Amino acid sequence: MRKTTALTATAANQPLTVETIERRDLRSNDVAIDVTFCGVCHSDLNEIHRPGNKPLVAGHEFVGTVTDTGRDVTRFRLGDSVAVGNIVDSCGSCTMCTAGQENYCEQFPTLTYGGTDRFDGSTTQGGFAREYIATEKFVYPLPENLDPAGVAPLMCAGVTVWEPLVRWNAGPGMTVGIVGLGGLGHLAVKFAHALGAHVVLFTTSREKASGAKQLGADEVVVSKDSAAMQAQSNRFDLILDTASAPHDLTPYLRALGLDGTLCALGALGSMEFDPLALLIGRKSIASAGSGGIAGTQAMLDFCSRHGITADVEVLPARDINTALARLERNDVRFRFALDMKEF
């Protein structure tokens, strides 16, 4: 076994501490990665607070440098810059995997942390660490022209909004709404704009208007303004709802045009809406989660062509507990990236 240092949650609701953990010895198709930047996501926060899954090393969107490879690895060499997302393995043979949607693997994908290794049954530990070992298939070349710290959140937040935009063909001639301007929402605005759609941000905060337009929004609608919301009726082809707090979907369903789709990405609990708002106009509610190998690579290629990264605030790894506390009170624009190089 290989040893490395990691920012570890040893108990729920306790500060993370630096601990030594074990990684597996390299298998023939494995890549050893020296982690340089790791994003901090709300799902990390939720898992750290959840009782019963400790010790836990979170972190599922990171970039780094290849330091070692298994004997059968062909895609990477020592010194290559790479990126890893929230999935590090899948069965490879089910309907979803053969369709290129390994994120929906019918045997459940192996998650970057808190997952079950498909070979030895061990629990995976994440990227808040100095080193990570990953199967070559789920490692991606880091685009050379992009800021590595800004690429890290693309591997989770980015692909989460990328997949539905591509699935519902966002592009010229379409009006696309984005609900919320957080870690997911700001990337959705950037992607939809670069795809050529007319982009409208829905936000509860009027103060976010200028920042949203700098990111690529053509219009900003304050969702607390009932008159402004009523004026949006029947105009949107697609709305991506990235807001994480529970809320009524009805106003956004009413904003959809004929055959429009509302894709709920942020809130994971039960959904509240008026069925008539869904019925009138043959509208749809959909969702999406993460992305498969092909989709993730397509997103990275698109970001490289258009110079897109997440807007990140970089903090040294030693400030992880500060980052988590600020994330909990939504005090970040728009994503934290931990600088892991000090480890």
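All of these numbers come straight from a predicted model, not from anything done at the bench. Counting from 1, the numbers follow the sequence of the chain as shown.
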*Please check if atom NZ in Lys341 has more than 12 non-hydrogen atoms from other residues, nucleotides or ligands closer than 6.0 Å.*
yes

*asked:* Could you check whether atom NZ of Lys54 has more than 12 heavy atoms from other residues, nucleotides or ligands sitting under 6.0 Å from it?
replied: yes

_Between the side chains of Arg24 and Asp117, is the shortest nitrogen-to-carboxylate-oxygen separation below 4.0 Å, so that they form an ion pair?_
yes

_So, applying side-chain contact (heavy atoms from CB on, under 4.5 Å) with Val189, which one of Leu215, Leu240, Asp218 is it?_
Leu215

_Using only atom types and a distance under 3.5 Å, with no angle test, would you say the side chain of Gln125 pairs donor to acceptor with the backbone of Pro55?_
yes

*Compare all side-chain heavy atoms of Val31 with those of Val73 and state whether any distance is below 4.5 angstrom.*
yes

*Do Asp30 and Thr69 come close enough that some side-chain heavy atom pair is under 4.5 Å?*
no

_Walk me through whether Glu219 and His198 qualify under side-chain hydrogen bond (donor to acceptor under 3.5 Å, both in side chains)._
CA-CA 8 Å; Glu219 302 175 47; His198 183 85; 2.6 Å; yes

*Got a donor-acceptor contact below 3.5 angstrom from the Glu272 side chain to the Leu249 backbone?*
no

*Do any N or O atoms from the side chain of Ser233 and from the backbone of Ala231 form a donor-acceptor pair under 3.5 angstrom?*
no

_Using side-chain heavy atoms (C-beta onward) and a distance below 4.5 Å, is Leu338 in contact with Ile320?_
yes

_Electrostatic pair Arg254:Asp274 at N-O distance under 4.0 angstrom_ = yes

*asked:* Quick check on His193: does its NE2 atom have over 12 non-hydrogen neighbours (other residues, nucleotides or ligands) under 6.0 Å away?
replied: no

*Before accepting this row, confirm whether a basic side-chain N of the pair Lys283/Asp259 lies closer than 4.0 Å to the acidic partner's carboxylate O.*
no

_Arg206 CZ: over 12 foreign heavy atoms closer than 6.0 Å_ = no

*Say whether, by atom type as modelled, one donor and one acceptor occur between the side chain of Thr203 and the main chain of Ser205 under 3.5 angstrom.*
yes

*Mark yes or no for whether Ser287, through its side chain, and Ala264, through its backbone, hold a donor-acceptor pair below 3.5 Å.*
yes

*Same hydrophobic cluster for Leu111 and Ile33, using side-chain heavy-atom links shorter than 4.5 Å among ILVMFWY?*
no

*Are Arg23 and Glu131 close enough for a salt bridge, meaning some N to O gap below 4.0 Å?*
no

*Kindly say whether Gly150 contributes a backbone atom to a donor-acceptor pair with the side chain of Thr309 at under 3.5 angstrom?*
no

_Asp80 (side chain) donor-acceptor with Arg77 (main chain) under 3.5 angstrom_ = yes

*Sole candidate of Thr123, Asn53, Asp44 that passes side chain to side chain donor-acceptor pair (under 3.5 Å) when paired with Tyr113*: Asp44

_Lys/Arg N to Asp/Glu carboxylate O, Arg335 vs Glu61, below 4.0 Å_ = yes

*Does the side chain of Phe128 come within less than 4.5 Å of Val40's, by heavy atoms?*
yes

*For the residue pair Gln101 and Glu163, confirm or rule out a side-chain donor-acceptor distance under 3.5 Å.*
yes

*Sub-4.5 Å side-chain heavy-atom contact between Ile239 and Val176*: no

*Output, in order, the C-alpha distance, side-chain angles, deciding distance and verdict of salt bridge (charged side-chain N to carboxylate O under 4.0 Å, His left out) for Asp311 and Lys190.*
CA-CA 10 Å; Asp311 285 17; Lys190 289 186 178 188; 2.6 Å; yes

*Side chain to side chain, Val166 and Met299, heavy atoms closer than 4.5 Å*: no

_Within the 4.5 Å heavy-atom criterion, are Asn234 and Leu256 side-chain neighbours or not?_
no

*How many angstroms lie between atom OG1 of Thr4 and atom CG of Asp34, to the nearest 0.5 angstrom?*
8.5 Å

*Hey, is the main chain of Val332 close enough, under 3.5 Å, to the side chain of Glu313 for a donor-acceptor pair?*
no

*Using modelled atom types only, decide if a donor and an acceptor are shared between the side chain of Asp339 and the backbone of Ala317 within a distance under 3.5 Å.*
no

_Flag for Arg118-Thr110: side-chain donor and acceptor within less than 3.5 Å_ = yes

_Testing the 3.5 Å rule here: is there a donor-acceptor pair between the side chains of Glu328 and His42?_
no

_Enumerate the side-chain hydrogen bond (donor to acceptor under 3.5 Å, both in side chains) contacts for residues 140-157, please, sequence neighbours excluded, ordered by first and then second residue._
Asn145-Ser304

_Validation row, ring centre Phe37 to ring centre Phe62 under 6.0 Å_ = no

*Between Phe202 and Tyr252, what is the ring plane arrangement, given parallel below 30°, perpendicular above 60°, and tilted in between?*
perpendicular

*Inspect the contact between Asp68 and Arg2 and indicate whether a charged nitrogen and a carboxylate oxygen are less than 4.0 angstrom apart.*
yes

_Under a 3.5 Å distance rule, please check whether Glu22 uses its side chain to pair with a backbone N or O of Lys3 as donor and acceptor._
no

*Considering only heavy atoms from C-beta outward, does the side chain of Val57 approach that of Ile21 to under 4.5 Å?*
yes

